Every structure is written in C-alpha cells, then in structure tokens.
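Everything numeric here is computed off the predicted structure, so don't read it as measured data. Numbers here are sequence positions counted from 1.
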Amino acid sequence: MGLGPRSPHKAGRQFPIGGKRGRGAKGSGRPPRGREQHPRPPADRGSERTQDAHPHLSPETLGYFRQALSALKEAPEAGEERELMVHNVLKEVEAQALALATNRTGSEMLQELLGFSPLKPLCRIWAALRSNLRFVACHRCGVHVLQSTLLQLPRLLRNTAEEEEKEEEEEEEENGKDGSLETLEELVLGLASEVCDDFLFYCGDTHGSFLVRTLLQVLGGTLLESERARPGGSKSSETQRVIARECKPTDFEVPEAFLNCLQNLSSCFLKDIAVFITDKISSFCLQVALQVLHRKLPQFCAYLCNAVIGYLSTRSSSAAGSPLLLFLRDQTSSRLLEQVLLVLEPPRLQSLFEDHFQGQLQILAAHPIANFPLQRFLDSISTPELLSPVFEELSPALEAVLAQGHPGVVIALVGACRRVGAYQAQVLQLLLEAFHCAEPSSRQVACVPLFATLTAYEVYYELTEEEGAVPAEHQVEIATARTLGEVTVLGSLLLQHLLHFSAPGLILRSLGSLTGPQLLALAQSPAGSHILDAILSSPSVTHKQRRRVLQALKGQYVSLACSRHGSRVLDAIWNGAALRTRKEIAAELGEQNQELIRDPFGHHVARNVALTTFLKRREAWEQQQSAMAKRRRALNSVLED
C-alpha cells in the first residue's frame, strides 16, 4: 500500500544496562603514536563527580569530541588508522561516559559515536553508565544514549565469527579478559533484570518509559519503526497514525534467553494492569509490548490481551451497554484498546464484537475518540462472518460519519471490503450516494476528484441547489476547465482501496475523464501520486485499462520528470512500459534534454531512461532496452513459479 491517509477534518489525539563485567581495564596495549595523533581531552573534574552533582563537561572537552567525531566521519571506512582512531576516542568516551550522556550536546555526539563502536568498547561504555542507571534512564538526554546503545545490538549480533574472534584476541591483549557475545548478553539481561525490579517506576517515568520500550523491542528482536517515526505537527493526528502504522518492523535474530526474558518482563504488566490501562505514559510501554509479542510470542500476546479485556469488562457497568464501551471513549485507554484490537486473533475478535460492540457501531463512529479504536477494529476484520454484521450495521450511516468529520471510519470499512472480497459493489454505491454523485448517472464520472479531495459534488463544483430540487446533470465543460483540488491523504487511500476492488471500472473511467493537466497534478501531489501507483500495481486493472488512463500524460512527461513525486511516478510507468511506450517517453523527454539535466529530479530520470544513449546511439539503446525486457520477463516467470 502506498501513503497511509489520515483525516484532514479534525485534529484528534496525539500520541507518543548491566552485567558482571562492569568496568574496562586500564591497560592500553595500543601503539603510543595513537595517543600523539589523537591527544586526550582536557581533564574534566566534572566527570568524576557523583550522580547527585550532575557531571559537567567543559567547552574544551566538548570541542575535542566534536573534532573526533568529525575526523571519524571523514576517515576511510576500513583500515588500521580508522580502527586506531575509534579505539582511542572510545577510550576517552568511557572515562567520561556519564558526563557526555547527560549533556545535551554531548549526548548527541555520543549517540553518533556509538554507531562506530565495536563490541568490546560499547560494552565498556554501557557498563560505565550502568552504575547510574536510574539517573541516566530518567534523564532527558541520558535515556537516548541508552536507547542508542541498545539499538546497536542488531549490528553487533550480526558480527561474523571472525570479527568476534578478532575482538576477543584484542581484548585479551589489553586486559586478559575474554568472552565478547556472552558479555553483551549479560549486559542486556542485567539491564532487563534491573528494569524488572522497578518496572512500574521506569514505565511511568516520562523518559524512563523510552528505555523500557526500546528494551522490549531488542529482547524480541523486532524494531518498530513507528516508535522512531515522529511525524510533523502539521499533519492531522489521524494522518500521523496511518503513517506510523504503515512503517514496517525490522526483525533480527536474538538469543533464546532474550525471548524468555521478554516474556518474564511482559509478565510485570499483569501485576499492575490497572495502571498500564489508565496511565498515559505507562500505557505506551504495554502498547509496544503487545506489538512485539504479537510477532514473537503470539500465545503470550493473546493471554495479555485477554487480561486487558477481562479487566475492563468487569469495571462498573454502563446503562448504554458493555463497560468496555466507556474505556473506548477515554483518551488513554482507547489508545491501548486500539493496539489490542490490531493483534487479536479472528475468533477472539468475533466474540469481542458479539459481546461488546454489536449494536453500538454507529455511536462509536460518531464519537470524537471512540471512532479511532473502531477504525482499528475494522482494520482487523479478515472473515466474511464478521464483516457481514458489521457492514449491515455501519453502512447506513456512511454519509453521516463523513459529515461528522470521521472519514477514517469509512476508509477502514472500505479497506475491510477490499481485504475480505465482499460488499464491494454495495460500498461503492453508498460512497457515490454520500458524495452526491450517484444520481443523475452522468455525475458518476466525477467521482475520483470528489473522493480524492473528500468533497461532496455541490461543494467541489461550487453549485447552489435548493433542498429537494432535482440534482443537475454533470457539466463536462465545467469539469475539464476546473483545476484539480488538493488531494487529501485519506482520499488517496480511499481510491487506492477502490482500485484494488475486483471491478474498478467506474474509478478507471473517472480517471480516464481527467485532462492531462489534472492527471499531472494528481501525479505531482504527495498523496495523489500513490493513486497512480495503485493503477500500476493493482491486479484488477488490465494493461489496456492502464494504458487508456495514462494516455492523458502524453505531453506532460517533462513536467512529470521535473517533479519530486511525479518523477517517481514516471519511473514506475517506465519500469512497466513496453518498448514502444518507452520510445515515446524517451522521444518526448529528449526534446527537453538540457532542461532535464539541469533539474535536480529530472537528471535522475534522464539517467534511468539512458537519454544520452537514446539521442546519440538509438540502435544501441533499443538493443539495451530489449535485453532488459527479456531479463525482466525471465525474472517474473521465475518469481511466478
């Protein structure tokens, strides 16, 4: 799926180390010339202070580490000189780790330096911070250093056996100790043990909760990109949620002991389940745990979900229905319930609907907070048995839900119809009626601009119609003369869903009615460009239909190539085009070759098209393109097999 949409109508809610081998050895074992090239930073008494004294870094010390970081970035990626630089700089970091971690500028530099660190130096820095774990974990700068340290694990765990052996030999030369990967495990498990001992405190602290969330991901071998993606404030909360939800997790291998520790740490949620449901900061930790457990320990995830639902279902009853409905309307607990709904298995989701949601869907869809967990419920539907009663209950209120400013509910229902493969014709008809373009039938060809902008027909075309009057026929002249309105993210996702329906003919006819400039504006739009992606990728769109829609872009290829989003669309068109179409595109682009070369986006397109070869050696270009087409067909046949 392309860009994930979220509502432009309402700004809703916003979201958001240890071990036995503590201290590094004093001996260096490195050539003395390394110290001459990279002198020690100025002595800093602040680095020797206790936790309560708030260690301080002098400007001279910060300047040293800034220069060291800059030198590391400019040094060759491999070689003895670079290894020596890394070793010397990280030795100094170890001596002043606490002061660096709790200084705003020093923290940022230390996080970057950790990215250069081999296994052993990182373990020593980690151990140096562990003696002040609570102080660092609850410090607004220090906690990010601990996070960055944990996030080095995927890289370090991927080290080859030769790299580990080399580091062990170097460590034995320095201090007579051995055991690299084992030490790393001990540090992670030791950190988890300390966090587990004071779990409620760390989860409830504004800064400490970041450490818990990162620790849960590392123990599970799953990095949730949504945890690190912080969308800009200009986007609506609903748009932010989709963008975060569509970020794909990254998995990596972890020792079996990590998964056992993950289950033990997650068991701590059960001891104070009420706090994790109602406290905003603590709730984030449980939400992350559910996502990680769903991927790595699904049975325990189901157990934790049942505990949450069971607790909420036994609270004070509501005259309006299940007590669970009260928590769907609460800003904090509804966030947690959203995540619960996303990870529930289909049978449990079915029983949850029958026991708590049935008969309440329209009320939830109209609520400013409860509509969000309802969207997640709809996102999780995967069976016709559940979709059928949900569609029957919710479909009569689609226009009302749109009018209330909750289009995300409608898009989620359309997504469920696409996923299950049922009620597709019915929901499309309801959408036409909701956007006032079902009757007269001539209006249906205008549905794409209306859906893309989430605007009713009369509003989009600025018509004034008396209530009860017969709707006017669609005026083609007015439609072609009008510039395309601003495409919303949610409108884009709605059209992406519709283009993946089994019969997207009406949507394709509407797209085909757009003029060249209108289709160009759609392709150049950050959200609209993903609609073109759906045309190119949907298995329901035939080659003939695709060519008919894209025909309008002829004469617009140069403008498309010189656009940030349009150039990406043109690349996608090029990759799927036959040789004849490629010749047409290259010929049109060749007329403005110099303009393309000067443009920051156009010169990439010119390179991908091999425009210089096309203009100077046409026969060689055709042979090259034919060979590429054969390789692509061969690869596709292998993938299909």
Side-chain angles (χ1 to χ4, degrees), residues 1-3 452 483-484 487 492 496 499 508 511-539 541-640:
M1 183 57 55
L3 188 65
T483 57
L484 185 70
V487 181
S492 171
Q496 291 173 56
L499 283 165
L508 292 169
L511 283 164
S513 71
L514 297 179
T515 63
Q518 289 171 339
L519 196 60
L520 174 65
L522 188 69
Q524 291 177 329
S525 163
S529 61
H530 293 277
I531 299 172
L532 275 295
D533 288 341
I535 296 173
L536 294 167
S537 63
S538 172
V541 180
T542 66
H543 177 71
K544 184 177 180 180
Q545 290 172 322
R546 191 175 293 125
R547 187 176 56 197
R548 189 180 298 123
V549 170
L550 299 178
Q551 189 78 13
L553 287 174
K554 281 188 177 181
Q556 310 288 339
Y557 292 138
V558 175
S559 299
L560 206 58
C562 295
S563 160
R564 175 187 295 273
H565 302 286
S567 60
R568 187 180 57 78
V569 171
L570 185 56
D571 283 339
I573 293 172
W574 176 266
N575 291 335
L579 181 59
R580 186 182 69 175
T581 305
R582 288 190 172 197
K583 287 181 183 178
E584 294 174 356
I585 295 174
E588 185 176 323
L589 294 176
E591 296 173 1
Q592 303 290 334
N593 184 39
Q594 293 303 313
E595 180 182 343
L596 285 177
I597 292 174
R598 290 192 298 267
D599 187 84
F601 305 108
H603 83 273
H604 289 293
V605 174
R607 183 190 59 197
N608 293 344
V609 172
L611 200 53
T612 302
T613 306
F614 175 81
L615 294 173
K616 295 182 178 180
R617 293 180 293 143
R618 180 73 59 90
E619 185 176 344
W621 181 89
E622 290 185 7
Q623 291 175 355
Q624 181 187 53
Q625 296 300 318
S626 298
M628 290 174 62
K630 288 180 181 178
R631 286 198 298 269
R632 189 167 60 251
R633 284 195 298 269
L635 178 61
N636 290 338
S637 64
V638 170
L639 293 175
E640 288 173 1

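- Considering CG of Leu514 and CG of Leu484, their distance stands at 7.0 Å, rounded to 0.5 Å.
- With values rounded to the nearest 0.5 angstrom, Leu536 atom CG is found 5.5 Å from Leu550 atom CG.
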Q: Check the pair Lys554, Glu588 against salt bridge (Lys or Arg N to Asp or Glu O under 4.0 Å), reporting the backbone distance first and the verdict last.
A: CA-CA 8 Å; Lys554 281 188 177 181; Glu588 185 176 323; over 6 Å; no

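- From Thr581, atom OG1 reaches atom CD1 of Ile573 across 10.0 Å, with rounding to the nearest 0.5 Å.
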(Q) For Gln545 and Thr542: C-alpha separation, side-chain torsions, deciding distance, then whether side-chain hydrogen bond (donor to acceptor under 3.5 Å, both in side chains) applies. (A) CA-CA 5 Å; Gln545 290 172 322; Thr542 66; 3.2 Å; yes

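- Cation-pi geometry between Arg617 and Phe614 is not satisfied (NZ or CZ under 6.0 Å from the ring centre, within 45° of the ring normal).
- Atom-to-atom distance recorded for Arg598:CZ and Asn593:CG is 9.5 Å, nearest 0.5 angstrom.
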**Q.** Steps toward side-chain hydrogen bond (donor to acceptor under 3.5 Å, both in side chains) verdict (Arg546, His543)
**A.** CA-CA 5 Å; Arg546 191 175 293 125; His543 177 71; 4.7 Å; no

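- Put simply, CD on Gln592 and CG on Leu611 are 11.0 Å apart, with the number rounded to the nearest 0.5 Å.
- Residues satisfying the salt bridge (Lys or Arg N to Asp or Glu O under 4.0 Å) criterion with Arg568, sequence neighbours excluded, are Asp533.
- With sequence neighbours left out, Glu591 forms a side chain to side chain contact (heavy atoms under 4.5 Å, CB included) with no residue at all.
- Partners of Ala534 by side chain to side chain contact (heavy atoms under 4.5 Å, CB included), not counting sequence neighbours, listed by chain and number: Gln496, Leu499, His500.
- Separating the CD atom in Gln556 from the CG atom in Leu519 is a distance of 8.5 Å, to the nearest 0.5 Å.
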